[in-house]
Amino acid sequence: MEDILYLVAAVCFIFALKGLSSAESALCGNIFGVVGMFLACVAACSVVDISNLSFIISAMLAGGVIGVTVAQTISMTALPQLIAGFHSLVGLAAVLVAFAVYFVTNAEGAITPYGFSKLRFLEMGTGAAIGAITFSGSIVAFLKFYGVGGKYKIRPTLNVFMIFFIVCLLTYFAFSESENAFALLTFCSFIVGVTLVVPIGGADMPIIVSLLNSCSGWATSGIGFSLHNDLLIIVGALVGASGAILSYVMCKSMNRSLQAVVFALESEYSIARQATKTKAFRQGAPEDAAYILKNASSVIIVPGYGMATSQAQHVLKEMSDILTAAGIRVRYAIHPVAGRMPGHMNVLLAEANVPYDEVFELNEINRDFSSCDVAYVIGANDVTNPAARKDSSSLIYGMPILEVEKAKVILFLKRSMGAGYAGVDNELFYAQNTMMLLGDAKKTTEAIVKAM
């Protein structure tokens, strides 16, 4: 019965992953995921000692209450922090399970039901190492998203050496079965998680979140091998592989190599050039923007993290409804790394009930900016910066961008003239066809709606 439940749960998780690949099927995918997790919990409870069942059910209920509470109270702005926090818990769970398996193996020796071999110690060591890196790296990402701490330069050679040292420790532990080697392996992995993520900054953070997601999956899979649990192996592989593929796709979208992101490779010359410039720019009022929008025939809205921080998605939908009712074509352009995590903007727009057929990815809509009357950019700084195409010394050079500079008029909403998350000044602010609308994006859009 246990094997059948695990098999059905694994199939549910596969369908869940498939459903989450598009906004239209995301709800169905979530339902599959919930059903799969429920079946997995039932299967796990069916084989445990009855004397321990009360403790397990109590822990599950406590976790469920915490999960429901967090889901109901978390704001859409804080979704990246939430994801990073969840990743850290998966990593910590992998470490704790690995230690539990290690001490059970040592206590029972050859009579353990899981067998006794060098491969078994290699599996639990791998799970603990990846889990520790995931835990500490996710904690650092969580803090960085909240603005705690900054970006500190750490030489890539240090991280390369530490990773090599961890591999050597892992090999030694597999043959020696030493408790001290296991503890040192885990401790060094915790350190590597910190040193890998601390130097990451700017537009690379969404890739790191995706990579940590992948690591949490591989940690789960490693622990699955240690426990001889097929479902953990399958689910971990699904999460690990999908996270790795997403990281690759995002790197490709930014014209960055994965090793350059992971080891924070960038030239000192590029960093020195990223000072914010002070130039003359054209500032407008909401009434000016309302007049321009009402006289347009096509408008492309480009949401970014500024929309998330101001929670402007609902009033933005209200504005687009007014424009659509007036016969003006409205579309939304989404960059793969807009916001602080993959799909951040899509989630916000879905919350505001923006129709899926009005939302387009970069490669689908970029060619339309040249024929667009107005580009309404709401906090999307780095992903619209022409320096990515024109300035070879720029930190973001080579990253594919939304080519909003080709629109006839650009309405750019920002709190200030400061640089974006990558710390790169945006030449678009000073273009002749750009009107800056400084202030809170939600309040500014509300004023525009009122004026229209």
Side-chain angles (χ1 to χ4, degrees), residues 203 249-250 252-255 281-282 284 288-307 312-313 316-317 319-324 326-339 343-346 348-349 354-391 394 396-414 419-422 424-437 441 444-445 448:
V249 170
M250 295 176 71
K252 188 176 180 181
S253 298
M254 297 176 65
N255 196 33
F281 63 93
R282 185 161 63 106
D288 302 322
Y291 177 81
I292 293 171
L293 288 167
K294 284 193 299 183
N295 287 277
S297 60
S298 64
V299 175
I300 297 179
I301 298 172
V302 182
Y305 192 62
M307 183 183 76
Q313 61 269 25
L316 196 64
K317 173 65 164 57
M319 185 188 79
S320 65
D321 286 344
I322 294 173
L323 294 173
T324 302
I328 300 169
R329 187 184 185 191
V330 179
R331 287 167 291 172
Y332 295 80
I334 306 294
H335 192 280
V337 295
H344 197 180
M345 297 300 103
N346 302 78
L348 293 173
L349 293 178
V354 172
Y356 298 132
D357 57 2
E358 293 181 6
V359 181
F360 296 87
E361 300 295 333
L362 177 145
N363 59 343
E364 297 174 317
I365 201 169
N366 239 0
R367 62 182 179 274
D368 295 337
F369 279 106
S370 57
S371 59
C372 167
D373 291 322
V374 180
Y376 191 87
V377 185
I378 181 165
N381 197 331
D382 299 321
V383 298
T384 62
N385 195 338
R389 295 194 302 113
K390 301 175 182 178
D391 186 359
S394 175
I396 62 172
Y397 179 71
M399 180 179 80
I401 61 167
L402 291 163
E403 299 175 355
V404 299
E405 78 270 17
K406 295 181 178 180
K408 293 177 180 145
V409 178
I410 303 164
L411 300 177
F412 211 120
L413 282 70
K414 268 183 64 68
Y421 196 53
V424 182
D425 192 43
N426 195 339
E427 295 291 336
L428 199 60
F429 299 163
Y430 319 108
Q432 292 183 347
N433 60 333
T434 299
M435 177 184 290
M436 299 299 300
L437 301 168
T444 302
T445 307
I448 292 173

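Fair warning: this is a prediction, and the values are worked out from it, not measured in the lab.
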- Message: Please check if the number of heavy atoms outside Y291 that lie under 6.0 Å from its OH is greater than 12.
- Response: no
- Supply the atom-to-atom distance R367 CZ to K406 NZ, rounded to the nearest 0.5 angstrom. 12.0 Å
- Grab the two heavy atoms, one from P386 and one from I401, that are nearest each other, plus how far apart they are. CA-CD1, 3.8 Å
- Note on the structure: Tightest non-hydrogen contact, residues A290 and I448, listed as CB-O, 3.8 Å
- Task: Locate the shortest heavy-atom distance separating A296 from I328; write the atom from each residue and the value.
- Result: O-CG1, 3.3 Å
- Please lay out, stage by stage, how I365 and F369 fare under the test side-chain contact (heavy atoms from CB on, under 4.5 Å). CA-CA 7 Å; I365 201 169; F369 279 106; 4.2 Å; yes
- Query: Is there a side-chain contact (heavy atoms from CB on, under 4.5 Å) between T445 and Y376 once you walk through the steps?
  - Reply: CA-CA 10 Å; T445 307; Y376 191 87; 3.0 Å; yes
- Query: Taking atom types as modelled and ignoring hydrogens, do the side chains of S320 and Y332 form a donor-acceptor contact shorter than 3.5 angstrom?
  - Reply: yes
- Please report the C-alpha distance between M319 and L293 in whole Å, then the side-chain angles of each, then the deciding distance to 0.1 Å, and finally whether the side-chain contact (heavy atoms from CB on, under 4.5 Å) criterion is met. CA-CA 10 Å; M319 185 188 79; L293 288 167; 3.9 Å; yes
- What distance do I301 atom CD1 and K317 atom NZ have between them, rounded to the nearest 0.5 Å? 10.5 Å
- Task: Grab the two heavy atoms, one from L411 and one from A289, that are nearest each other, plus how far apart they are.
- Result: CD1-CB, 3.9 Å
- Query: According to the interplanar angle, ranging from 0 to 90°, do the rings of F412 and F429 count as parallel (below 30°), tilted (30 to 60°) or perpendicular (above 60°)?
  - Reply: perpendicular
- Where do A380 and P303 come nearest, in terms of heavy atoms and distance? CB-O, 3.8 Å
- Query: Does H335 reach the main-chain N or O of P400 with its side chain, forming a donor-acceptor pair under 3.5 Å?
  - Reply: yes
- Atom CZ of R389: over 12 foreign heavy atoms under 6.0 Å: yes
- Query: Does the E358 side chain pair with the main chain of P355, one donor and one acceptor, at a distance under 3.5 Å?
  - Reply: no
- Contact summary for P336 and L362, nearest pair of heavy atoms: CD-CB, 4.2 Å
- Item | Separation between CZ of R331 and OG1 of T324, rounded to the nearest 0.5 Å | 11.5 Å
- Message: Can you tell me how far apart OH (Y305) and CG (D382) are? Round to the nearest 0.5 Å.
- Response: 13.0 Å
- Message: Does any part of the side chain of M307, heavy atoms only, come nearer than 4.5 Å to the side chain of L349, both counted from C-beta?
- Response: yes
- May I ask you to decide if S297's main-chain N or O and D373's side chain share a donor-acceptor pair within less than 3.5 Å? yes
- Under 3.5 Å: donor-acceptor pair, side chain of T434, backbone of Y430: no
- Side chain of N385, backbone of L428: donor and acceptor closer than 3.5 Å? no
- Query: Looking at CG of L402 and CG of N366, how far apart are the two atoms once the value is rounded to the nearest 0.5 Å?
  - Reply: 5.5 Å
- Query: What distance do L316 atom CG and L413 atom CG have between them, rounded to the nearest 0.5 Å?
  - Reply: 9.0 Å
